[in-house]
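Attaching a single structure in structure tokens format; questions to follow.
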Amino acid sequence: MNPGSEGRDWVVLKPEYLSNALQNAERFRACLREWFEADGQDHPWRKTTDPWAILVSEVMLQQTTVAAVRAGRRFELFLTEFPDLATISVAPEEQLLKAWEGLGYYNRVRNLQKTARAVLEDWGGVFPRAVPDLLALPGVGPYTAGAIASFAYNEPAPIVDGNIARVLARVFDDLTEVDSSQGKALLWNWSEELLDKVNPRIFNSALMEIGQVFCRPKNPNCMVCPIAEFCITRVPDRLPNKKAKVKTIAVVEHALVVRKAGKILLAKEEGSRRKGFYRLPLRTAEEVADLELLRTSKYAITKHRVTLHLYRALEAAGQELRKEERWVPLKEVTELPMASPVRRALEEVLS
DNA sequence: TATCCGTGGGC
DNA sequence: TGCCCAAGGAT
């Protein structure tokens, strides 16, 4: 029985490990490069080296699947609306949020605008190419800085994203928690040592795509993986090791559906994170006790599992308006930025 | 270091 | 259904 496979009733189908990637780095790089040049995917963001377009793609793809971005043509549509730094730098927040609707993590698009303004003001409209300079831009962290440097400028900058973390943890069969400081240090060191300094753009693209195509979180396709001969682990489905997650918390929300003369009562979010988004007005359980329940929906947001109850309320029963609440014409509702679960619930109750 | 930030799809 | 996951970053 393979080490680590105790308690299994099956064995991972995987080619034999032949050589260490670090000790045979040139062959490892050649393997990756030859596979990628033959079979690498032709994503829209790989057809450009414009740093602005590269930044947009990297930010859009943060914690968002390639499939989601591709399917909705979100990258192409966003660049059509904001083709350059000058265009986005003067856009009102509501236009930003609308252009990003459905993608989630809305601070990403606010930071895109901040970065556009910073590059215009501090760099004369030309993106810096050094990682430390890129790191100073809003919304640009270690991964995105390396991605811009390598993808836009072909600079020899290493990157570690979720794909590469998974690939390297398996290649080196390392159980260190990838989300610990020690684990991250290991991964960045490996990424830098393995990096093809002559072809950093291709190397980084290829290593990420190995993770997306073959070295998947579940059911890795080791039998046809181009770098399987360098991969030590016999238990790829147990890697990468991560810290235990926090428990989810159940939350109940009570929202009003109040209509008056072709208008509906909505609240505009004031908080720093969801600022600018519209939602239905919320009330306490006591305040809605006598109202008719229209429908109930559930959705998950980070560690919260929200149960949302919608109630029909008469204008007179709408209590006093809170300061963030306002009457919005029904025909304008589709134009307002709104979180996906809220829009779904609202559309169902209005239809 | 821990927690927050969205959404859609897979199983 | 409930949980996991995805080209992370800010606080």
Side-chain angles (χ1 to χ4, degrees), chain A residues 40-41 43-46 53-72 74-75 97 100-112 114-115 134-148 150-152 158-167 177-184 187-188 191 201 204-213 215-220 237 240 242-251 269 271-277 279 297-307 337-344:
Chain A
Q41 294 175 38
H43 295 307
W45 46 89
R46 289 193 177 142
I54 297 295
L55 173 67
V56 168
S57 73
E58 293 307 331
V59 170
M60 192 173 280
L61 287 160
Q62 286 170 6
Q63 303 295 284
T64 306
T65 59
V66 169
V69 172
R70 288 292 301 266
R74 301 302 298 259
F75 172 73
L97 297 178
W100 206 259
E101 190 176 273
L103 291 171
Y105 290 132
Y106 295 94
N107 271 336
R108 293 187 293 175
V109 73
R110 297 191 181 95
N111 283 333
L112 276 178
K114 290 179 188 169
T115 280
L134 290 164
L135 275 175
L137 299 171
V140 176
Y143 164 76
T144 304
I148 297 172
S150 60
F151 296 151
I159 55 175
V160 175
D161 74 319
N163 286 306
I164 292 179
R166 186 171 58 255
V167 171
E177 291 166 334
V178 292
D179 42 5
S180 67
S181 56
Q182 185 188 355
K184 283 186 272 193
L187 291 165
W188 280 92
S191 182
R201 176 186 291 132
N204 283 344
S205 301
L207 197 52
M208 291 172 79
E209 193 161 320
I210 290 289
Q212 191 209 352
V213 175
C215 200
R216 301 168 298 212
K218 294 174 184 173
N219 302 316
D237 55 318
K242 296 180 183 178
K243 286 188 276 197
K245 290 190 174 173
V246 297
K247 286 191 62 177
T248 58
I249 300 169
V251 176
E269 306 260 9
S272 59
R273 298 186 186 277
R274 306 190 58 173
K275 179 172 166 290
F277 273 79
R279 57 164 171 76
S297 58
K298 295 185 177 185
Y299 62 93
I301 170 68
T302 63
K303 66 176 181 180
H304 302 287
R305 288 171 47 248
V306 182
T307 302
M338 205 171 284
S340 291
V342 176
R343 184 175 298 286
R344 272 198 300 274

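These values consider heavy atoms only, across backbone and side chains, with no hydrogens, waters or symmetry-generated copies. None of these values were measured; they are calculated from a predicted model. So that the names make sense, note that chain A is the first sequence line, chain B the second, and so on, each numbered from 1.
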Checklist entry - With a non-hydrogen cut-off below 4.0 angstrom, is A:K243 in contact with a base, only sugar-phosphate, or nothing? => result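 Result for A:K243 = sugar-phosphate.
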
Next on the checklist: By the 4.0 Å heavy-atom rule, please label A:V140 as base, sugar-phosphate, or nothing.
Outcome noted: sugar-phosphate

Checklist entry - Run the side-chain contact (heavy atoms from CB on, under 4.5 Å) check on A:N111 and A:Y105 step by step: do they pass? => result CA-CA 11 Å; A:N111 283 333; A:Y105 290 132; over 6 Å; no

Next on the checklist: By the 4.0 Å heavy-atom rule, please label A:S181 as base, sugar-phosphate, or nothing.
Outcome noted: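 If one applies the 4.0 Å heavy-atom cut-off, A:S181 turns out to touch the sugar-phosphate alone, with no base involved.
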
Next on the checklist: For the P atoms, the ones on B:dC5 and on C:dA7, what distance do you get once it is rounded to whole angstrom?
Outcome noted: 22 Å

Please tabulate, one pair per line, each protein N/O and nucleotide N/O from nucleotides 2-5 of chain C that are separated by under 3.5 Å, including the distance.
{"unit_1": "C:dC5", "atom_1": "OP2", "unit_2": "A:K245", "atom_2": "NZ", "d": "3.1"}

Next on the checklist: What's the gap between C:dG9 and B:dG8 when it is taken at their P atoms, as a whole Å value?
Outcome noted: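 Between the two P atoms, the distance is 23 Å.
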
Next on the checklist: Let's test your reading of the model: under 3.5 Å, does the base of B:dG8 pair with the side chain of A:T64 as donor and acceptor?
Outcome noted: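 No, no donor-acceptor pair under 3.5 Å.
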
Item to check | Per A:Q212 side chain, nearest of listed nucleotides C:dA7, B:dT1, C:dG8 | outcome: C:dA7

Checklist entry - C:dC4 and B:dT3: how far apart are their P atoms, nearest whole angstrom? => result 16 Å

Checklist entry - Using a cut-off of 4.0 Å on non-hydrogen atoms, how would the nucleic acid contact of A:G141 be classed: base, sugar-phosphate, or nothing? => result sugar-phosphate

Checklist entry - By side chain to side chain donor-acceptor pair (under 3.5 Å), which residues pair with A:T115, not counting sequence neighbours? => result none

Checklist entry - If you look at every strand shown and take non-hydrogen atoms under 4.0 Å, does A:R344 touch a base, only sugar-phosphate, or nothing? => result sugar-phosphate

Checklist entry - P atom, B:dG6 versus C:dT1: distance in rounded Å? => result 24 Å

Item to check | Touch class at under 4.0 angstrom, heavy-atom based, for A:L103 against every strand present | outcome: base

